[in-house]
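One structure below.
So you know, we letter chains A, B, ... as the sequences are listed, proteins then strands, and number each from 1.
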Amino acid sequence: MKRIRDVSPFVLMLVLVAVLWEAATTYLNIPHYIIPKLSDVFLSLWDNRGLLAKHAGVTFGESLLGLAFSIVFGVLAAVWIEASGLAQKTLYPLIIASQSVPIIALSPIMVMWFGYEIWSKVAVVILFTFFPIAVNTADGFRSADAGIGEVLRTMGAGSRQLFLKWKLPSAWPGFFTGLKLSATYSVGGATLGEWLGGESGLGVYTKRASNMLRGDAVFSGVLLLAAMGMLMFAAAHLLGRICMAKRRERT
Amino acid sequence: MKRIRDVSPFVLMLVLVAVLWEAATTYLNIPHYIIPKLSDVFLSLWDNRGLLAKHAGVTFGESLLGLAFSIVFGVLAAVWIEASGLAQKTLYPLIIASQSVPIIALSPIMVMWFGYEIWSKVAVVILFTFFPIAVNTADGFRSADAGIGEVLRTMGAGSRQLFLKWKLPSAWPGFFTGLKLSATYSVGGATLGEWLGGESGLGVYTKRASNMLRGDAVFSGVLLLAAMGMLMFAAAHLLGRICMAKRRERT
Amino acid sequence: MSIKETAGLPCLSVQELSYAFAKDKPLFCKLSFDLAEGEFVSLLAQSGMGKTTLFRLIAGLLKPQKGEIYAPKQQIGYMPQRDCLMPWRSVLDNAAVGLEVKGLSKREARRQAFELLPEFGLEGTERRMPHELSGGMRQRVSFMRSLLAGGRLLLLDEPFSALDAMTRISMQEWLLQIWEKHRPTILFITHDVDEALLLSDRLLIASHAPVSRLHGLKVGQPRPRSYETLLTPPFIDLKQRVLELLRPGMPSPEGASAHKEGWE
Amino acid sequence: MSIKETAGLPCLSVQELSYAFAKDKPLFCKLSFDLAEGEFVSLLAQSGMGKTTLFRLIAGLLKPQKGEIYAPKQQIGYMPQRDCLMPWRSVLDNAAVGLEVKGLSKREARRQAFELLPEFGLEGTERRMPHELSGGMRQRVSFMRSLLAGGRLLLLDEPFSALDAMTRISMQEWLLQIWEKHRPTILFITHDVDEALLLSDRLLIASHAPVSRLHGLKVGQPRPRSYETLLTPPFIDLKQRVLELLRPGMPSPEGASAHKEGWE
Amino acid sequence: SANKSAGSGLTEVNVLLDWYPNAVHSFLFAAEQEGYFEQEGLKVNLETPADTNDAIKLLAAGKADLAISYQMQIAQSRAEDIPVVSVAALVRHPLDQIFVREDSDIKSPKDLAGKKIGYPSTPLNEAMVNTMVASDGGDPSQVKYTDIGWDLIPAMTTGKVDAIIGGYINHEKLLIEKEGIPLRTFDPADYGVPDNYELVLAASEDGLAKHEDTIRKFLKAAAKGQAYTVQNPDQALNILLEHENKDFPLDPEVEKQSLNILLPMMDDGSAGFGEQTEASWEAVIQWLKDHGQIKADTTIKAQDAFRNLGV
Ligand SMILES: Nc1ncnc2c1ncn2[C@@H]1O[C@H](COP(=O)(O)OP(=O)(O)OP(=O)(O)O)[C@@H](O)[C@H]1O
Ligand SMILES: Nc1ncnc2c1ncn2[C@@H]1O[C@H](COP(=O)(O)OP(=O)(O)OP(=O)(O)O)[C@@H](O)[C@H]1O
Ligand SMILES: [Mg+2]
Ligand SMILES: [Mg+2]
């Protein structure tokens, strides 16, 4: 029962959006090539369900793989930044720079280094997703309760122990906030990666559909991508909930 | 003196990267249109300084304007999500969905709604940047010390007072973490916005340079964008420092 | 509820209260007691028996699972056990927050709080942030905050536990001044029996968990009282009875000190 | 430094210590004192005079601005004033953290801590998280953690301030047992003069800020002592002298209680 | 959209370009500079959208008056119920050709069997290559397609693929050859793909109905611009270069070569400025249908897809 009540506003909202969409495209004279009718999108979705499932699987795989790497790299970067003032002054600015550099402008480099296989897409996903994890985790480290660190230090804890028993657990909430962002971005990263060159995935599907001027097919891909983004976010959110179920920072 | 010592590792790192770059492109036979020689990039930077300054100004303006809107929208979204369980279950998923939808696939809609003027770029920047602010601020609200809220409630604080005196200040650190992310992303957002259609800005500059196979010009734009991203991040970081100078969450 | 509230007396009434944290043993089981308007009552019980929880129930921060609590709503000055200072506010702004909530301008709230700082031994600290304070100073800021928030009912949860003898005496003095002037009803948690005897009209003592009744003990001695008068026979007698009640299942009648004589 | 440390006696030596928080008035000015190996010493001073700061200096958490501190490094059991429990660890894991730091396996550390829980009145709470504890329970977990962390020097900052009389007595008992068995040097902050007299070999009292000297008071009374013996003349005498020293600039010799008799 | 702009008394015309301004647009800049547009009472605004797919949609939705597009794209759009009409053929022959290195062993399209060809993931390019290989006697199923996104040139020059399609002989080819890599090119029109108008100027059906007059005026001025460009290629190019210097300096050498290639393809002497033939449209539509590039069941007619406004 509680489950149902939890989910029903969301379902209602979806229905509402769907109805509005259908009504707007039917009655408001919005051309189908700008926004297709939702019913057409669903038709296209259904007609191509097998194909879409395949492409969605590819994109999902790239997102997950990239995100997994990002978790490792993001946390490592945060640790490094936290551990070394030098890294903070040298590595951090480079990381930041990497985030405002337009990937599309550098796509030849990506292709040169990673080829047209899955790795170039994973690389884009990593570039898209490790930054929020790194920044949130680093800020999490910095927000650690100094008093706890002091107690551990008097017990003779070395920097490794301090890190493992104090900084790391303190950064969990920050990490999970970052993970939620990154999980969402991973889908967009995979899509962009596929645009830079690829044979399959929803990015390729939407791009080809767009070149064929098939609005319904474009939007069916877009809907799946949106759903995938929500799914990734929800998974990250839930994981955070589970991992921090017992903890409450303060009374 | 302290200032100098603070900045010198960063400068050293820049010099190191520059030397490596120049050496790699000189000795490793990398085609100039994939990675140009740094010296050529600087030459191009210098030769087109007037033009680049103009374009950089445009991109910077779009970034700032979009970011300003994002701060407002992001915080409002977080407030709404925090205040209303309904919003959390209806608005939040939509926001998340908006982040995994590929903007490029929807570019006609952006142009339809916002035209080719600055507003379409600002819209892309907003889409890029309000999410980290919203998520981090919302998580900041949720991490507020319950004990403080209880004290205020016994004093007769209504939900407005509770929000202003408890939730809002508690969310500052989260907000500033989000702002750092968003500030960095704003530059990328403006660049992408310019790609969707526009006459000026570093996005246009780099894309045209790329179309003309002018690696040096592409990278001069990329360097400026990277610098702009670092600048935005640094500004957000500093602002956070200043605003939270006196506060320390725990001993 | 409104009937009782307007009736004036008692100020606080707890009726058949039961409460348990999920899955834990119950803390209260059909507990009933009243506080008269303007009464100064101390609550004594062993650590972990539920004093703080009772306060949170009375303040409306927790909902009773059974029974009812009649208390003057939104007129409660609550001082939590943990100081709960706002780390983003200076000493002055922390102390003044209750006045702000009441609707005073920030400026006026600060002014009123500023004038009181010396009385709490906090002069010159108005611009400090909480993390720059000593434990006792934090407690005094919190105490000051709850007094300024005012209210007809004051719930004070171990307000002086971190204070040295001297400072504690002047804080007690302060509290009594306020009490005599405005006659709020005060429910006071302390582990210091002397303190309870010195300040209260009546003591409420919980002996057994879950708490189903509170033993009342009237302190019939005249005010003003001092630590010296505590050495007089009526107080010594009272103290022994308190300590006996606090030590459940112990038949020894000689009070706490007698029991633990032989430890090494 | 090494010379002093290997000399065995004294265990802790503070030499010409000066310290001030940036921009504030100094807290210590050329303060010197020693603790002998195995001594139990209580430190008394008014709230805000720098006791906690002194502890943090001794524990190496702050650096002296002038002077030197000789202390057994990394062999300090420090119990902070604020409990500083780790919100992500259960009671058991919080208590056991010191053993883990010492290198014991998590399993073994937990086992040892688990066995001790009943002694601290914490049986059955091993899986609770800190936010599910009462104030006094938190303090006991923190106390337990510092005892388990062990060390030749124990620095205890108001370890029993949140405990009721009964629980406090059993904790004191525990502390003395540990002390008699392992003879660590103990520096103990309390605001309770009785407690200090009951437990210590010697009292160190700070009267004036900035603290440039600590008045030493030997408690020459035989052990075991009890709260009853505190009512005997030598203790009453000692207590009066302590209270006098704590009240700087007050010429009145009658002790604390006399001074504040007339307050209303 | 085409309406009187306040004050000047001129009619505004918004034109979406196919790409950033380059040599192919010289006639527009010349017409602007020489005042031909103004003489017709027009004020022309040029915009560069993200890609021509956007341009078509915005045009149809009335967000622009004219857009430069491709003949095949117009046909596809009509098949997808996007009501756009071509009003002028700008470049009358394919620019989008297959490139291979001159030193490669691919001498004609049939040799592509077993080779890697890079393409920007447009199904249309795939169909073209298949047609070309087949008509040359090769086996299209042996061709390996690699999606190379937007990076045609690096893919070619770094040897990731053996051939590319999607590049223009007046742009990408020139740039690659400038890097010292001579290319061999295969023109689709020579290998079974109908000769088609690479670039056309399109209007929406609605816009054409309402503002036919304005569009005719525009074409008149554009024709004059084109005539000017043919007569004074160097001046026309200079106008473009000078104009573009404000935003992004073009490479004069490349643009000059480009214009040299383009001029004969824009005006091959067979027809007047922009004039289109129904035969060309028939052929293109039929080929698209045959190769699954437009739905077989659509009933689009060649005569609806274009209009000659008789300039
Ligand atoms: N949020 C909570 N969740 C679960 N159990 C709790 C929670 N808060 C308190 N408890 C439990 O309820 C009991 C009573 O706690 P409470 O804080 O009311 O005790 P107390 O009488 O104030 O003790 P103390 O004198 O130590 O402050 C304790 O056993 C405690 O573990
Ligand atoms: N981090 C800090 N920054 C600035 N001032 C500080 C800081 N910590 C403590 N102080 C100041 O130093 C003085 C001594 O503080 P300390 O905590 O040592 O006192 P204390 O003797 O332990 O008091 P209490 O009995 O109240 O715990 C106080 O005036 C306090 O305001
Ligand atoms: Mg309590
Ligand atoms: Mg202290």
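The shortest non-hydrogen separation linking P93(B) to M230(A) is O-SD, 3.4 Å. In plain terms, the two heavy atoms of L181(A) and P132(B) that are nearest each other are CD2-CA, 3.7 Å. M13(B) and K89(A) get closest at one heavy-atom pair: CE-O, 4.5 Å.
Taking G178(B), P102(B), P31(B), A190(B) one by one and counting their heavy-atom pairs under 4.5 Å with chain A, the maximum is reached by P102(B). Chosen from V218(A), L94(A), L86(A), the residue pairing most often with chain B at heavy-atom distances under 4.5 Å is L94(A). Taking chain A as the reference chain and counting heavy-atom pairs below 4.5 Å, the highest number among I109(B), T191(B), L91(B) is found for I109(B). Counting heavy-atom pairs closer than 4.5 Å to chain B, the top residue among I95(A), T206(A), L192(A), N136(A) is N136(A). Chain A forms the most heavy-atom pairs under 4.5 Å with one residue out of F176(B), F219(B), Y33(B), F233(B), and that residue is F233(B). Taking L14(B), V187(B), V101(B), T184(B) one by one and counting their heavy-atom pairs under 4.5 Å with chain A, the maximum is reached by T184(B).
When heavy atoms are compared at a cutoff of 4.5 Å, L224(B) does not approach chain A at all. Proximity to chain A (any heavy atom under 4.5 Å) is restricted, for Y92(B), to the side chain, taken from C-beta onward. I35(B) touches chain A through its side chain: at least one heavy atom from C-beta onward sits under 4.5 Å away, while N, CA, C and O do not. For a residue to count as touching a neighbouring chain, one of its non-hydrogen atoms must lie under 4.5 Å from one of that chain's; by this rule M112(B) touches chain A with the side chain only. Heavy atoms of D139(B) lying under 4.5 Å from chain A belong exclusively to its side chain. Of the two parts of S210(A), neither the backbone nor the side chain holds a non-hydrogen atom closer than 4.5 Å to a non-hydrogen atom of chain B. Heavy atoms closer than 4.5 Å to chain A are found in both the backbone and the side chain of I34(B). Both the backbone and the side chain of V222(B) come within less than 4.5 Å of a heavy atom in chain A.
Counting heavy atoms of neighbouring residues, nucleotides and ligands inside a 6.0 Å radius, atom CH2 of W21(B) exceeds 12 of them.
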Is there a side chain to side chain contact (heavy atoms under 4.5 Å, CB included) between L12(B) and T90(A)? Walk through the geometry before answering. CA-CA 8 Å; L12(B) 272 178; T90(A) 56; over 6 Å; no
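Taking the six-membered ring for Trp and thresholds of 30 and 60 degrees, Y185(B) and F131(A) have ring planes more than 60 degrees apart, a perpendicular arrangement.
Using a distance-only test at 3.5 Å, with no hydrogens or angles considered, a donor-acceptor pair links the side chain of S100(A) to the main chain of L225(B).
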